[in-house]
Structure formats: structure tokens, C-alpha cells
Amino acid sequence: MSARAAKRPQIGVLALQGAFLEHEKMLARLGANCRELREKSDLEAPLDGLVLPGGESTTQKKLLTDLGLYEPLREKIAQGLPVLATCAGLILLARNATQDHSPYPSFGTLPVRVRRNAYGRQLGSFSTTGEIKGLGAFPMRFIRAPFIEETAPEVDVLARVDGNIVAVRYQHQIALAFHPELGSDTRLHAAFLSLAAS
Ligand code: GLN
């Protein structure tokens, strides 16, 4: 074993709105350092990974543009910064979205078509257990969630619930329709940290 302690990964967590604190707690438990991203100067120090949390994608997109974070973050993701995106974060990454009437841009780095608020009002929020490729059974909490309607062939589908795609990986991007940060199963965050460490 090396005498030097392994470097703690530096993870930027978009902290404009939504469930960002829960991601920070889970990542800290796994040994990462988190930095909240709210303005351009928060992007100056190097990052090993980026979390795009759940919340309200329309609000997040407007704030990203208004605060001048949109372009520098899009560039970092396009250049290969590992990303973990949940729920609204998935909508931010998706190349196309249905039921999204926001005039502000998405990052568009993930070649999928996502449907916002896909479960309608009746089934706004629910919990289930789904199978994740490579991990097995995983608790999944959905809150006014999107699902993925279509992916490019090179996108790896990691999970479906009722036939709908709810988790994918594409290159350095992991995107989930549900909220692992609200539970206690840390395996998806650990998978993201191993991407960030590679
Ligand atoms: N319905 C939200 C949106 O469209 C996403 C919900 C969530 O992130 N839990 O942005």
C-alpha cells in the first residue's frame, strides 16, 4: 500500500435549487469532497466530477443561463467531466425533451429523448425496487419524474421500470430518473465516484 493517502475526489454539486444537499451527504460518506456550484468563480478550481441534482429543470435552466454557468459547465461536460444526474438533472443533460416548454437551453450532451413529468399527476411520486444492470435490485424513489422515451444506440440502458427507461450511462454520464440520494443505498454514487477517479 502506498504511504500516501489516496486523493479525495473533488465533486462539484450544482446548488442552484433542488435536492443538492442529500447528494453532498451521500458523497461525503463515500469520502469525496463536495463543492457547491452557484456562480462562475466556483468553477475555477479543478473538478473530478459533477452532480446535477433533482428539482425543477425549468428553474435550474433559467438560473444556469442567468448566472453565466451554462456555457462553462456545458463545455466541461462535453470535454469529459464525469456527471451524475438525477431527475431534473437528467432533463438538463438530455439532447431532446418532450413536455419541456422552457426557452432556456439544456446541455444536450446525452443522446436521449426524455419525457418531463412522464407519470402524470396521479402517479406523481412513488417508490419501487428495480433491477440495475451490474448492481441488481435497487430501491427507486420517483418524484414527478421523467423517463427516457428513446436513446441513441450507443447509450447503455441500465434500468427500466414498467418498460420505461429510468437509468442510462453514456460515456462519462450517468443519468437517473429516480433519487438514490434520498435513500441509503450508496452503490450508484460509488459507481459515479469510480468514474470520477478514473
Ligand atoms: N418535474 C421536475 C422537472 O420537470 C423534475 C422532478 C425532480 O427532479 N424530482 O424538472
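Heavy-atom basis, side chains included; hydrogens, waters and symmetry copies ignored. Atoms within each ligand, like the ligands themselves, are counted from 1 in listed order.
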Please find out if less than 6.0 Å separates the ring center of Phe147 from that of Tyr119. yes
Pair His23, Thr86: side-chain N/O donor-acceptor within cut-off below 3.5 Å: yes
Side chain of Asn33, backbone of Pro9: donor and acceptor closer than 3.5 Å? no
Atom pairs, nitrogen or oxygen, ligand 1 to protein, under 3.5 angstrom:
from	atom 1	to	atom 2	distance (Å)
ligand 1	1 (N)	Asn117	OD1	2.7
ligand 1	1 (N)	Arg144	O	2.9
ligand 1	4 (O)	Arg116	NE	2.6
ligand 1	4 (O)	Arg116	NH2	3.1
ligand 1	8 (O)	Gly55	N	2.8
ligand 1	8 (O)	Gly55	O	3.1
ligand 1	8 (O)	Ala88	N	3.1
ligand 1	9 (N)	Ile143	O	2.9
ligand 1	9 (N)	His179	NE2	2.9
ligand 1	10 (O)	Ser57	N	2.6
ligand 1	10 (O)	Ser57	OG	2.7

Going by chain and number, the hydrophobic cluster around Ile143 (ILVMFWY, side chain to side chain under 4.5 Å) further includes Leu182
To the nearest 0.5 Å, tell me how far Arg115 CZ sits from Thr98 OG1. 4.0 Å
Consider only side-chain N and O atoms of Lys62 and Ser102, and report whether a donor and an acceptor are under 3.5 Å apart. no
